[in-house]
Structures are given as structure tokens and as C-alpha cells.
Visitor: 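Next up is a structure, given as C-alpha cells.
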Amino acid sequence: MTDYMTNLRVKLPATCIILEIIIIILFATLVEYDHDTDAKHWHEEMSKHNKTDYENEFYFRYPSFQDVHVMIFIGFGFLMTFLQRYGFSSVGFNFLIAAFSLQWATLMQGFFHGMHNGKIHIGVESMINADFCTGSVLISFGAVLGKTSPVQLLLMAVFEVTLFAVNEFILLSVIGARDAGGSMTIHTFGAYFGLTVARVLYRPQLDKSKDKSTSVYHSDLFAMIGTIYLWMFWPSFNSAITAHGDDQHRTAMNTYYSLAACTLATYGFSALVSHEGKLDMVHIQNAALAGGVAVGTAGEMMLTPFGSMIVGFIAGTISTLGFKYLSPILEEKLRIQDTCGVHNLHGMPGVLGAIVGAITAATATKEIYGDGLADVFPDLTGGNKITASFQGVRQAISLAVTLGIALLGGLIVGFILKLPIYGSPPDTTCYEDSIYWEVPGEEGGHEEMTTVPVEDVAKPLNG
Amino acid sequence: MTDYMTNLRVKLPATCIILEIIIIILFATLVEYDHDTDAKHWHEEMSKHNKTDYENEFYFRYPSFQDVHVMIFIGFGFLMTFLQRYGFSSVGFNFLIAAFSLQWATLMQGFFHGMHNGKIHIGVESMINADFCTGSVLISFGAVLGKTSPVQLLLMAVFEVTLFAVNEFILLSVIGARDAGGSMTIHTFGAYFGLTVARVLYRPQLDKSKDKSTSVYHSDLFAMIGTIYLWMFWPSFNSAITAHGDDQHRTAMNTYYSLAACTLATYGFSALVSHEGKLDMVHIQNAALAGGVAVGTAGEMMLTPFGSMIVGFIAGTISTLGFKYLSPILEEKLRIQDTCGVHNLHGMPGVLGAIVGAITAATATKEIYGDGLADVFPDLTGGNKITASFQGVRQAISLAVTLGIALLGGLIVGFILKLPIYGSPPDTTCYEDSIYWEVPGEEGGHEEMTTVPVEDVAKPLNG
Amino acid sequence: MTDYMTNLRVKLPATCIILEIIIIILFATLVEYDHDTDAKHWHEEMSKHNKTDYENEFYFRYPSFQDVHVMIFIGFGFLMTFLQRYGFSSVGFNFLIAAFSLQWATLMQGFFHGMHNGKIHIGVESMINADFCTGSVLISFGAVLGKTSPVQLLLMAVFEVTLFAVNEFILLSVIGARDAGGSMTIHTFGAYFGLTVARVLYRPQLDKSKDKSTSVYHSDLFAMIGTIYLWMFWPSFNSAITAHGDDQHRTAMNTYYSLAACTLATYGFSALVSHEGKLDMVHIQNAALAGGVAVGTAGEMMLTPFGSMIVGFIAGTISTLGFKYLSPILEEKLRIQDTCGVHNLHGMPGVLGAIVGAITAATATKEIYGDGLADVFPDLTGGNKITASFQGVRQAISLAVTLGIALLGGLIVGFILKLPIYGSPPDTTCYEDSIYWEVPGEEGGHEEMTTVPVEDVAKPLNG
């Protein structure tokens, strides 16, 4: 079942070890503890500014960081275990590329978002940002799931993290957009980058693996672990790097209500469009999360609770309808084989979130925000202040820039990944763990094995 | 397998969408950010009262909120996956009715617990309270699990949330009881309401689905995910809305020790009463949690750690014995088919918790609580102060009121739910996902499917 | 399948109930709320020292506590579910002995680490310490997994918790070592204690259960839940009891980067040494965690991010190679049957962590730490100050003491546990749930059962 091509005995170790050595050298040269993590500086800070320990950034953000961390490793990892024979790879490759990406993102985001005397300063906020960037890579992973080798995925992460940091820098620092929960920087970017890569890697013969591209009963339950964790902790995701106080509080709450409304829309439309009025696990596992994506930009703004609900409701609706009607078209006409349907969960809801953010920003007033305006829209106050409408324009431009960089970047990276040197699986063995993993029950693996996976048992009975 | 009756193509979408639209309209009319979530008000608050950002309620309660959130969606959801063919519904309907209930609860609790100039103010505390109320609905769901359609469940939630808010209002605001962890408001109410509904919905022919009412090996492991999360985060549940400082701290610790003692009692009595001294998963999955229920009222009081342990030990004991000896009687004599045994986990331990709370309150003194008395028992200090014994009487009356409202409410709602218009499953197909879900491996679902669930494989071999 | 010997109807209830009664009596006599949990004392504290509620220790440590709690109950519990027929026992016995150990640890650590007027004071910090001590017991559990009865495990916990507290007292209070994340006190101690017990309990005929000692597809996925939770929350584990402010912040971040680097090393070396370049789940599930163990001592120090990565990388490498090359030798030559490979995950990385800690301590200067030196190394400042090199010597001595107490203690306890009175399983039925649990699908259990576990289905087809 395994031929020379997919044997990674040299390629994967070389890739992992070389990348880690490069990272360690760059960290040694360039990275320092920031003022809240460095023993000396924090104590200087405390005596100079009369601060106390509970003002350390750690206490404002670490609980949110941990929730985000769970979303990245459990949420994304288990969400993708829905495939019947790809659970090891879903959780395991997710684990690998996330562990790599968060290190690489620390460096790339550090380069682009300001060095301090030639050094990158890190602390809990950079950890959250690194996890965010990782999230974007994992979204793209969802589009190519089952059709790529871990070496390809690591390489994709190298490029995608870099482009993410460039795009984020342009949006937040050059254009001056606001995007705390990453509707644009994370979701739109990750989705359209990944979809473009999937387009370039199009496999006309993928039907040969079709029997493995579906779920089984237990794999769908494992996937629900991922779904529910993403759903529960999304309020922490969107609020993790907003300003202290009311901003974190409001963002979390807006996201909470957006997701709740989104869930009702998803169940409603799933039953409406499915076979015999039955609910479809694909919708529940994915579309119910679209409400979190869609308030990623506007969540920190004074969107109001009912405004959040309307956004969530629309997001759940378009996401469910996307799975039903748009995904087949994307595959047949545009030749985009989007394994997890990231276009429905991250693509369209991300664009929706960007638009909602632009509109909400354009309607901001001092009346509504009071002195809190400076936290949400720093450029609307102070010396060189701009108008709210102009902030809205910035947001809209940012969406266009994000789409452009994602599509162009995905195109180039797609062609790099298309080279036949990374051990990617043959068309007949996509969505299959045993190509990269020692799978219990395989011949030759364990001589004394008396068990076989459910699927193999079933074949002789049904076939 | 599916006939017109259980086809929800119209009913479920209509219910979800109409309910969500009503909620959005009511939120638009009635709900506002509270002073800690509103940009303008929080900044006014900070300058007026010389507050700093870390005094925002968010930092006191958001980590607890997230733990409670995990209990509601993962804890309850997976606890109910023990049934072999009802995992999609357990997690999925739990998800749906919880997402609905938390929105509806925000409104109902807002109505009853004080409007501010005609507006309901919301923030992290209202989010916790909404999750609490949702917990009560999910307890009732446990009693009717496998025998109800999602439309029925949503309707039950509409009524139960409303009655919950009424009961909570009477207990906390009219009578002046204390019940931070909800032994009465959440557990006793949810259990006896649900049991009464189950009684009204009694199915004499339920034996026809008996083969699906048991667990299989993997479904029991999924259920343990639910159990362990509920167990771990119960300290956060009971302490989530207690007063700041020592109160939250003490409540969490009392719950921690109560649960630990409860677990030893559960294992001990499970081995004692089971077949050949073997442990029974049903006991471990459920009775080990009774210690959290039983300190729901007294947890915030000066119960002492060993007092908490005694309560937990008793709770684990009665809960395990209840599963063994009382549940069969309830089913045979009282005709209550309590799928998850909520009477043993929430009913009896809830009543125990109420009694323990009454006794602990009645023995409170300024000696023991010092200036902390005002936090736990506001009415025992100040102008119109009452005696501790009277506080105990209040607690006892509250238990009686809760039981009354739960039983009467459950009776009425049960008859409403009995109408044959909600697509509830026939007696032969209870505890079965495929009636409401597209289940992988089903005929007609996926033509190319080469897998069947374990159970179906097993039949020809064993049958 | 079950004979008198393994029937626990009397032994297990007696053990559980007697132990719990002893604990309750000791708590009643000896344990009190500390000043942050006691209503009266905290309010006195606030008025005396002009403190505010958010200075309560609860807010500094409770989120970390909950993360540690998840590691203990979900992390350890599910990590061990990899065995195909031992999932109930893995999660269930983990649950039982953890619930017991945390109570017993509160007492033992309280005795040794300072009584206040004859009373043990407890709060969130003692809860974390109790969970830490429990972690050590669970590590030892990993070494004997599948070969011991729950009565044996409880007895092991009684002794191990006691010895843990003695060792911890010698290290931290007598010698003056630093070990916030427990590379020595938790990991080295737990591993070598457990391995020695496993050596004494050596079963020459264990091959008879060999068919059950491997994993199946789904059991490996359940185990990944444990792995990922341990991995994600390890930063909270190592930082849970470090000093406030920069210390907690820095420790969490060092651990985060150590684990990330460790993961890349693990994937690289797993593919390098495995069959056909495939990844081995055993490595991923375990070795990827070694980076957390290895910065348990030095994590709170100014290890630098790249220093943490180097340590993590080495830890992942030796752990993976240990699974591949050392474990078979330990079993064949030293007759240590280490079920979970705790020597590779906790033993060697723990020793590595102790050495890294000694070196990092020996190179500490006021230059680097500034005023923060007093938090990390109190004895390097103040009146009777010592040199950094001497602190390094203390650390090294502590490692030797830990190994000595673990080996000697494990030897004695091993012989106590070898007595044939605890209902331990016969050689033919190790790694098998059905000996201690009612397992669904067993004959006599459920007459109407139409399902059998996957494994049993497979036999007639393959055999």
C-alpha cells in the first residue's frame, strides 16, 4: 500500500529538524522577553509606574489565551476527524503544523509588527497572535485535508504564516483597519488562500478515494468535540486581544449571542434543505460556527446584542445553504475540492464579517462610544483624527487587499506544493491514515492483532 | 423507517426561525449592554468612581463563565451520549436547545429580575445566569431523552425557561433565599419538572425500543467525557455568581472536596450493589457528580471542608442506591421512564442540597462569618435584619415552592407536549438517531458507502 | 471469567469507605479555611491591609488550577485509554485514585509544609499542590496500568502520596531547592517510584494478555484527547504556583515554546525510526509532551525562549528514542513492564529537567533577574544569602534525594502490593475491563443485547 513516493523516512525528519533548528537560531538572535515577562523589567516597571502584580498583562489575557489554544489544538483538530479513516492525520497533522506555525508566526509577526532595538518582544499577547495566525493555516489545511503529505503541509505553513504576517501588517498598520477577531486577517485570508491552493492541487481522479471521504457514526461524534469547543470558546477568541475592560467584555458577549442565533438558523435550514427533513451533521458541525466568524471584526464595536444575533443568523443561513448548494458547484465547475467546506464556514462568513465591520465602523459616533471610542477606533480621536465613514472605507479596502493577497499567494504556493517531491498520497489513497501512520490492525504492524477496524469488517458483509 | 409523522422538514425550520425572530425583536426592543460592557458607560464609571479596567466584572467572572459554558455544552451533551444509537441527538439536541434557552433565559430572567428604565441590562453575570437556566432545561431533557422530537424539546424549553425565571424570582427576590449554585432553582426544579413531563409522556410500549436503550463500549467512553467535565468544572459552577473574594474562593473549594468524597462513595457503593462486585458505568457517570449538586446551596456558606465532604459522601451514596433500587420502582410503579436517571443525580441530591442549605443558614453567626456575613446573608445584617433561623425557614419554604412549581408546571407542559403534532418518535424507534438525522451507513444516504455501524454488523453474527 | 480472587464486592467498598471516613475525621480535626477563603479572616485582612477583593489569591490562581485539574482528570485519564479493552478502567480508575489522592495529599502536604497553630490551612494554592501530588500518583499508575486492581491502586496512592510529601518537604524546605513545575518532585519521583513498583510486580507470564495490550483505531483517538489536553495546559501546570506577575507569565511562555519545539522533534524522530517512515501514535501521544516535563524546574527561571526550545527539542528526541530503543531493553533485561512508557515521558525528561534546572540556577545573576531575583531564588538575596552555584548544587542534590526516595519507597510499596489479597488480575486477563466493570455486550449483562464490541466481531472473520 505504501510505495517509495509516500515514504517520509527522510523527508519528514529533515523538514522538522531543519525548520526547528532555523527557528531556534532566529529566536536566539532576535527574541527577548517583553516587559511583563522579564524578571528585571517587570520589577522596574512596578517600581517606576507604581504598578502591582495583578496589572501584569498575564492576568488580563491568559485565560483567553488558553481558550484560544484549545480551539487551535482540540477545536480544529477534532473538527476534522469526521473522515472515517483520517482521524490520526486530522488530529496529528493539525498538532504538527500548529506547533510549527506558532513558533514561526512569533518570528514573522515580530518582524512586521515592530522590533524593539532590533529585538522581538514576546509575551501573552504575542502568544495569542501566534495562535491566531496558526488558526489561519489550519483553515487552509481544512481545504486540502486528506490530499496532502505532512511535508507539504509544513511547507504551506512556512509560506502562509509569512503572507499572513504581511497581510496583517498592511491591514492593521498601513491601512489602519480594525479586526480584533480576524474576520479578514484570519478567516477570509485562510479560506481563500487554502481554496486557491486546493484549486491548484485539483485531482481529477479523486473519485477513486470517494469511499473514504465520508464519515462513520463514531467519527462524526469525535468531530462534534471539535465543533462544540470551537463554539464555546469563540467568545474568548474574538475578545482575546481587544482592549481591556468593556472591550473584552462586550466582544465576548456579542460573539456569544451571534453564535446562539447562528445555531438556530443552522438547525432550521439544515432540516429544511436535507433529505426527508433530517438534520445533516455536516451542517451542524460547521455552519453553527459561522456566527463566530461573522462578528470577528465588528464584535468589539457597539454592534448591540440584537445586531450580533442578526449577523449570526445570516451567517448560519448562508453557511448551511453554501454546503448544500454552492459546494457541489465549486467542485464541479471551479474544480475546487474543498474537503471541509471552509468556503462555507470561513470564506463567506469572513467576507460577511468584513462587510459588517465596515458598516459598523462607518456608523460609529462619540455619542455612542463616549470615551471608549479611543479604545475601539484610536484614529477617530486624537490629533490627526479621521471620520467614521473613512474608517469604514479602510475596512472595505482591507477586505479587498486580503482577498488579493490570499488569491495570489495561494496561487504561487499552490504551484510550489504541486511539485511531486513531497510524498503526497496517490489518488487512490487519499483520506487514509495508513499511508503516513502505523495504524493498529494493519497487516505486518502487529502480528498478534485480533482486531480489524469496523470498516474492514463491514466490507465482506455488504460487498 | 421514516414516515410523515416524524418528518420535520416544515416543523423544525418553522420553530427555529420563528423563535429566533421573536427573540431578535425582543432583544432589539428591550436589551441593552450593562455598565461594564457598554463603551460609554464603563468609561464614565471609571472616571466617576476612579475605577480601573481590572475591576470590570469580566475579570472576576469570565473564567468561571467559560467553565460553566463547557459544562452546559460538552458536559451535558456528552454525558447523554451513553446510548448506543443516540449520540448525534444527545450532543446535537443538547446544542440546539441550549443555544435557544440561553437567549430566551436572558429575556425571561431580565423581565423578572429587574429592568433598568424599561431595559434589560446584560453582561457576564447575566450570561452565567442564562447558562444556569439552560442547565435546568438540560436536566429535564435527560428525563425525556430518546423519546421526544427536537420540536417538542424546543417547546419544552420555551415553557421551562419561563417557569424557571418565575420560580427563581420568587425564591431569591420574594422569599429572600440563597441558592448560588442552584440546588433548588436549577437541580430540584429541572429534575422534578422533567420527571413530571416524563410521567405525562409515559409510553407503555417503550419496551419495543429496549434494544437501543443500552450503551455500547465506545458510547460509554464518550459519556465519560461529559461526566469528567461536569465533575471538574462544578467548583466553577457553584462559585460563578457568588460574591467576589472569599465567597467565590470558598465555594469553589467546598465543591471540590464534596465531589472528591462523593466519588469515593460512588465507587464503594457501586461495587457493593452491582453484579459480582463489578463497577457499573451508570453509577460512575452519574452518581459521582451528586456531590456538586448537594452543595449548590450551602457551598458559599461556612460549611467547612469536612462538612462538604460529609454532604458529598451522602449524596454519592443515595444517588448510587437510587440508580440501583429506586429507578426500577419509579418506572414500574410510578410509570416514570427517566432515561438518564435525573432523579438520582439531580432530584434527590438537589433536595438534599436544599436541606443542607437550610440547616447551614440557620446556624450562621456573626462569630463565624465576621464582616463576610453581609456577602452571604445580606438580610442578616443591616436595618431590617432577620435571624439566622428565619433565613433557614426561608430556605425550607423555597424548597417547597420549587417542588410545587416544578410539579404543577411539568404537569401542564407535559400535556401540551403530548399533543401528537410535534413529530415525536414511535415506540419502536425511540433512542434512535436515524429518525431525525442523516446517519452515515444508512441505505439511500450514501450510495457508495462501504461501512455499516458496529451494531448492524453484529446482528447477523449473533442473531 | 471472574473468579473469587478478583471479585471486589467487599474489598473495594471497604477500602473506599474506610479511607473516606478517616479523611473526614482528619479534616474535621485538623483542617481550616485559609485567610483568603474564610469569610471572617478575609474581611479582616481587607480592612487591616487595605486590600481589595481582586487581590484574593483566587483570581491569581484559579484559572491555572482549573487547567491543572483538566490535565489530571481528562489528560491523564484519556491518555491511558489507548488500550483497546481498558478504556473504562483507564478513565475510571484514574478518576477514583485522583479523587482519593487529592484529599489525602491535602492532609500530607499540610502536615509537612507547616501547620498554623495546629491547623492545616487550605485554599486555591493547596488545591493546586494536591492536584500536583495526584499527578505523581497517576504517573506511577501509568507504569502498572492494566496489571493492578483498584484496591491495589488506592493502597499505592496512600503510600505514594505520603512519600511524595516527605520528598517534597526535604527538597523545598530542608534543602531549599526550586521546582515549581515538579520536574523532580512530580515527574522524576512519580516515574521511578512507579517503575520500581512495576519491577517488583513483574509478571513473567504477561504475554498471555499480549493481544489486549495494543490499541485499536478508536482507542488511539480517545488517547489523543488526553495528549492534546496535557499539551495545551502544561503552561498552566508549570506556572500554577510560581510567584505572581512576571514569574507566572514567563513560566507559561517558556513551557509553551518548549512544547512546540518538542513536538517537531517528536514527529521528526518518530518518522525516522519507525517502520517505513510512518509516524507511530505511541510517540505522538507521549513524547510530544516531554518538553513540558523538561522545563518543570527551569521554566520559572530566565531560561530564555530559545533555551526553552532547545530543552524541549532534546526532551522530545530522547523520549521518542527511548520508546523505540530503551523500553524493549527495560522489559527484557531489567524486567520492568512499563505499560505507558512513563520512563520515556516522565523519567528521563524529569531527570533532564532537574539537570537543566541546576545549571540555570547556577548561572543566575542579579544582572539578569534584577529585583525579580527574590521571587525566583529567595535565598540568593536577603540576610543569609547563598551563591548561585550553591543553589545549583542544592538542585543537583535534590535530584539524587528524589531518586533515592522513589526507588527505596517503590521497592517497599511494591512488596506490600505484591501480597495476593487485593484482587489483582490473573496473567491471562490483564488490560481487560470486564474483570472489574460491567461491560456492555457481555453475556449475562444485558439479555437483549444485539451488539458486540468490534474486536469480538473481528475474530471469527480473521481467525
Side-chain angles (χ1 to χ4, degrees), chain A residues 2 7-9 12-13 16-17 19-20 23-24 27-28 31 33 36-40 42-44 53-54 56 58-59 62-63 66 69-70 73-74 77 81 87-88 91-92 95-96 99-100 102-103 122-124 127 218 222 436-441 446 448-454 457 460, chain C residues 54-55 60 63 67 84 210-211 214-218 220-221 224 228 231-233 236 244-246 248-250 252-253 256-257 260-261 263-265 267-269 271-272 274-281 284 302 305-306 309-310 313 368-373 376 454-455 457-459 461-462:
Chain A
T2 310
N7 186 322
L8 303 178
R9 187 193 289 283
L12 185 58
C16 288
I17 294 167
L19 285 175
E20 190 58 48
I23 286 170
I24 291 176
F27 264 70
V31 176
Y33 292 125
D36 288 40
T37 16
D38 187 278
K40 191 181 188 175
W42 174 248
H43 282 81
E44 283 173 11
D53 271 325
Y54 46 80
N56 192 294
F58 183 77
Y59 302 105
Y62 188 70
Q66 274 297 2
H69 218 38
V70 171
F73 287 89
I74 286 285
T81 58
F88 289 13
V91 179
F95 188 18
L96 172 63
F100 164 72
L102 63 86
Q103 299 178 74
I122 60 172
V124 69
M127 288 160 71
H218 284 111
F222 277 113
Y436 301 121
W437 295 86
E438 295 272 5
V439 176
H446 302 268
E448 313 238 350
M449 179 61 57
T450 58
T451 65
V452 293
V454 179
V457 175
Chain C
Y54 45 82
E55 289 174 78
F60 287 99
D67 291 349
Q84 57 186 272
K210 205 182 164 187
D211 59 321
T214 53
S215 64
V216 288
Y217 193 73
H218 284 111
D220 270 326
L221 271 182
M224 280 303 282
I228 300 283
W231 196 92
M232 292 186 303
F233 289 164
S236 303
H244 295 167
D246 62 296
Q248 285 196 281
H249 200 160
R250 182 173 58 251
M253 194 164 70
Y256 172 81
Y257 284 113
T263 302
L264 267 86
Y267 275 81
F269 283 95
L272 190 66
S274 297
H275 179 67
E276 293 184 325
K278 292 183 182 183
L279 294 162
D280 190 327
M281 262 291 166
I284 308 306
M302 289 288 287
F306 84 94
M309 286 169 164
I310 293 173
F313 191 85
I368 298 168
Y369 289 80
D371 290 343
L373 192 62
V376 185
V454 179
E455 296 73 39
V457 176
K459 271 178 206 157
L461 294 172
N462 282 13

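All figures in this text were calculated on a predicted structure; none of them were measured in a lab. Values reported hereafter were calculated over all heavy atoms of this structure, with side chains retained and with hydrogens, waters and symmetry mates removed. Chain letters run A, B, ... following the sequence lines, proteins first, then strands; residues in each count from 1.
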Visitor: Considering only heavy atoms, which portion of N56(A) lies under 4.5 Å from any heavy atom of chain C: side chain, backbone, both, or neither?
Guide: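 For N56(A), the side chain is the part near chain C, not the backbone.
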Visitor: Considering only heavy atoms and a distance below 4.5 Å, find which of D280(C), D67(C), L373(C), V376(C) pairs most often with chain A.
Guide: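 The answer is D67(C).
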Visitor: Report yes if the side chains of I24(A) and I310(C) come closer than 4.5 Å at any heavy-atom pair, otherwise no.
Guide: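 Yes, close enough: below the 4.5 Å cut-off.
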Visitor: Just so I understand: if I count every heavy-atom pair under 4.5 Å between each of Y33(A), F100(A), Y54(A), W42(A) and chain C, which residue has the most?
Guide: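 Heavy-atom pair counts peak at Y33(A).
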Visitor: Chain C: which of I17(A), V70(A), V31(A) shares the most heavy-atom pairs with it under 4.5 Å?
Guide: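 Top option by heavy-atom pairs under 4.5 Å: V70(A).
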Visitor: Picking from M232(C), Q248(C), M309(C), H249(C), which has the most non-hydrogen pairs under 4.5 angstrom with chain A?
Guide: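 Greatest number of close heavy-atom pairs with chain A: H249(C).
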Visitor: Against chain A, work out which of L264(C), T263(C), D220(C) has the most heavy-atom pairs shorter than 4.5 Å and name it.
Guide: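 Ranked by contacts with chain A, first place is L264(C).
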Visitor: Go through the atoms of A265(C) and report whether side chain, backbone, both or neither lie under 4.5 Å from a heavy atom of chain A.
Guide: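 Looking at A265(C), nothing touches chain A.
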Visitor: Do Y267(C) side-chain atoms and G92(A) backbone N/O form a donor-acceptor pair below 3.5 Å?
Guide: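 Yes: the side chain of Y267(C) pairs with the backbone of G92(A).
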Visitor: Using non-hydrogen atoms and a 4.5 Å limit, figure out which bit of Y62(A) sits close to chain C: side chain, backbone, both or neither.
Guide: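 The answer is the side chain of Y62(A).
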Visitor: So M281(C) and S215(C), do their side chains get closer than 4.5 Å, heavy atoms only?
Guide: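 Contact flag for S215(C)/M281(C) side chains = no.
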Visitor: Could you check which of G370(C), A260(C), P63(C) has the highest count of heavy-atom pairs closer than 4.5 Å to chain A?
Guide: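 Answer, by heavy-atom pair count under 4.5 Å with chain A: A260(C).
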Visitor: Check whether the side chains of E438(A) and S274(C) place a donor and an acceptor atom closer than 3.5 Å, and report yes or no.
Guide: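 There is no such pair between these side chains.
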Visitor: State, with a plain yes or no, whether a side-chain heavy atom of D36(A) is found less than 4.5 Å away from one of F58(A).
Guide: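 No; the side chains remain at least 4.5 Å from each other.
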Visitor: When only pairs under 4.5 Å are counted, which of V124(A), V91(A), I74(A), L12(A) shares the most heavy-atom pairs with chain C?
Guide: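 Of V124(A), V91(A), I74(A), L12(A), I74(A) has the most heavy-atom pairs under 4.5 Å with chain C.
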Visitor: The criterion is side-chain contact (heavy atoms from CB on, under 4.5 Å); which residues satisfy it with M127(A), sequence neighbours excluded?
Guide: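 Expected list: F65(A), M253(C), Y256(C).
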Visitor: Applying side chain to side chain contact (heavy atoms under 4.5 Å, CB included) to L8(A) and Y436(A), what does each step give before you reach the verdict?
Guide: CA-CA 8 Å; L8(A) 303 178; Y436(A) 301 121; 3.5 Å; yes
Visitor: Report which part of F88(A) has an atom under 4.5 Å of a heavy atom belonging to chain C: side chain, backbone, both, or neither.
Guide: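 Contact with chain C involves both backbone and side-chain atoms of F88(A).
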Visitor: Measure distances from F73(A) to the heavy atoms of chain C and classify the residue's part below 4.5 Å as side chain, backbone, both or neither.
Guide: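 F73(A) touches chain C through backbone and side-chain heavy atoms alike.
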Visitor: How would you list, by chain and number, every residue that makes a side-chain contact (heavy atoms from CB on, under 4.5 Å) with A39(A), sequence neighbours excluded?
Guide: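 Listed in chain order: D246(C), R250(C), M302(C), Y369(C).
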